[in-house]
**Student:** 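Quick one: structure below, then a few questions.
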Amino acid sequence: QVQLVESGGGLVQPGGSLRLSCAASGVDFSRTAMAWYRQAPEKQREWVASISVSGVTNYADNVRGRFTISRDNAEKTVYLQMISLKPEDTAVYYCNSGGWTRGSFVPGRFWGQGTQVTVSS
């Protein structure tokens, strides 16, 4: 059974930083692409960033240059470093383990419980 456990969320002021973590188990992590998604209140879940097995990264246009996704295969953990946070980044952030096809992430079936990020003064 795949388990994904997100952590690191919290309340931060605009312009601040946070680093999210997602610990994976039940998956061959070093052979699995990973991604972060987020869902704001009354909005659909949206893709944020993804990283392939070989370390290729992709970002949504609205976070590129501010967010950095990385992975530690030994720790079976994927990270999302977020800087210059804006109020519109407020959402529940989820990680997902999936595949990689034609340079893009393909989401899998399993999701974590999410971690709340609130950007507010």
Side-chain angles (χ1 to χ4, degrees):
Q1 179 75 9
V2 176
Q3 287 192 328
L4 303 169
V5 180
E6 301 94 337
S7 62
L11 173 64
V12 63
Q13 292 186 343
S17 302
L18 280 175
R19 188 176 83 152
L20 307 183
S21 301
C22 170
S25 61
V27 63
D28 190 350
F29 188 82
S30 64
R31 297 184 178 185
T32 302
M34 300 295 296
W36 285 95
Y37 288 73
R38 67 186 181 186
Q39 187 167 16
E42 301 182 356
K43 292 188 177 181
Q44 289 190 335
R45 190 171 298 187
E46 66 173 355
W47 168 76
V48 174
S50 53
I51 185 166
S52 73
V53 169
S54 63
V56 174
T57 57
N58 291 331
Y59 297 93
D61 288 344
N62 55 3
V63 306
R64 187 177 293 111
R66 299 187 299 121
F67 290 10
T68 303
I69 188 171
S70 61
R71 63 189 297 155
D72 184 332
N73 289 342
E75 296 295 325
K76 297 185 179 181
T77 300
V78 62
Y79 302 97
L80 186 68
Q81 177 69 51
M82 307 184 293
I83 65 171
S84 302
L85 283 161
K86 305 174 181 180
E88 51 263 44
D89 294 318
T90 296
V92 178
Y93 284 70
Y94 300 89
C95 69
N96 184 270
S97 61
W100 195 268
T101 301
R102 297 179 181 178
S104 297
F105 180 77
V106 179
R109 295 188 292 124
F110 299 99
W111 298 89
Q113 82 291 345
T115 186
Q116 175 72 47
V117 172
T118 302
V119 185
S120 175
S121 55

**Student:** Pick one: which of Thr68, Asp61, Asn62 meets side chain to side chain donor-acceptor pair (under 3.5 Å) with Arg64?
**Tutor:**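 Passing option: Asp61.
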**Student:** Is atom CD of Glu88 surrounded by more than 12 heavy atoms (other residues, nucleotides or ligands) closer than 6.0 Å?
**Tutor:**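 Yes, CD of Glu88 has more than 12 neighbouring heavy atoms, counting only those of other groups under 6.0 Å.
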**Student:** Under the 3.5 angstrom rule, does the side chain of Asn96 hit a backbone N or O of Trp111 as a donor-acceptor pair?
**Tutor:** no
**Student:** With side chains defined as the heavy atoms from C-beta onward, is the minimum distance between Gln116 and Thr90 less than 4.5 Å?
**Tutor:** yes
**Student:** Are the side chains of Met82 and Val117 in contact, using a 4.5 Å heavy-atom criterion?
**Tutor:**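 Yes, close enough: below the 4.5 Å cut-off.
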**Student:** Kindly indicate whether the side chain of Leu4, heavy atoms from C-beta on, has any atom under 4.5 Å from the side chain of Ser97.
**Tutor:**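 Leu4 reaches Ser97 side chain to side chain.
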**Student:** So does Glu6 get a backbone contact from the side chain of Tyr94, meaning a donor-acceptor N/O pair under 3.5 Å?
**Tutor:**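 The answer is no, because no donor-acceptor pair under 3.5 Å joins these two groups.
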**Student:** Is it possible for you to say whether Phe105 and Val56 belong to one hydrophobic cluster, with membership spreading through side-chain heavy-atom contacts below 4.5 Å?
**Tutor:**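 Yes: a chain of side-chain contacts under 4.5 Å links Phe105 to Val56.
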**Student:** When the side chains of residues 14-27 are checked against the rest of the protein, which donor-acceptor pairs come out under 3.5 Å, sequence neighbours left out?
**Tutor:**
none

**Student:** Verify whether one side chain among Ser54 and Ser52 offers a donor that lies under 3.5 Å from an acceptor in the other.
**Tutor:**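 Ser52 and Ser54 do have a side-chain donor-acceptor pair below 3.5 Å.
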**Student:** On a heavy-atom basis, which atom in Leu80 and which in Ala49 lie closest, and how many Å separate them?
**Tutor:**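 Closest approach of Leu80 to Ala49: CD1-CB, 4.3 Å.
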**Student:** Find out if a path of hydrophobic residues (ILVMFWY) with successive side-chain heavy-atom gaps under 4.5 Å connects Val48 to Phe110.
**Tutor:**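 Yes, Val48 and Phe110 fall within the same hydrophobic cluster.
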**Student:** Decide whether Val63 and Val119 are clustered together by the hydrophobic rule: side chain heavy atoms of Ile, Leu, Val, Met, Phe, Trp, Tyr closer than 4.5 Å, transitively.
**Tutor:**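 Linked within one cluster.
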**Student:** Going by heavy atoms in the side chains, are Phe67 and Thr57 under 4.5 Å from each other?
**Tutor:**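 They are not in contact (no side-chain heavy atoms under 4.5 Å apart), so the answer is no.
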**Student:** Can you list, pair by pair, the side-chain donor-acceptor contacts under 3.5 Å of residues 32-43, counting residues two or more places apart and other chains?
**Tutor:**
residue: Thr32; atom: OG1; partner: Asp28; partner atom: O; Å: 2.8
residue: Trp36; atom: NE1; partner: Tyr79; partner atom: O; Å: 3.4
residue: Arg38; atom: NE; partner: Glu46; partner atom: OE2; Å: 2.6
residue: Arg38; atom: NH1; partner: Asp89; partner atom: OD1; Å: 2.9
residue: Arg38; atom: NH1; partner: Tyr93; partner atom: OH; Å: 2.9
residue: Arg38; atom: NH2; partner: Glu46; partner atom: OE2; Å: 3.2
residue: Gln39; atom: NE2; partner: Lys43; partner atom: O; Å: 3.1

**Student:** Any non-hydrogen side-chain atom of Arg66 less than 4.5 Å from a side-chain atom of Tyr59?
**Tutor:**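 Arg66 does not reach Tyr59 side chain to side chain.
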**Student:** Decide yes or no for Phe29 and Glu75: does some side-chain heavy atom of the first lie under 4.5 Å from some side-chain heavy atom of the second?
**Tutor:** no
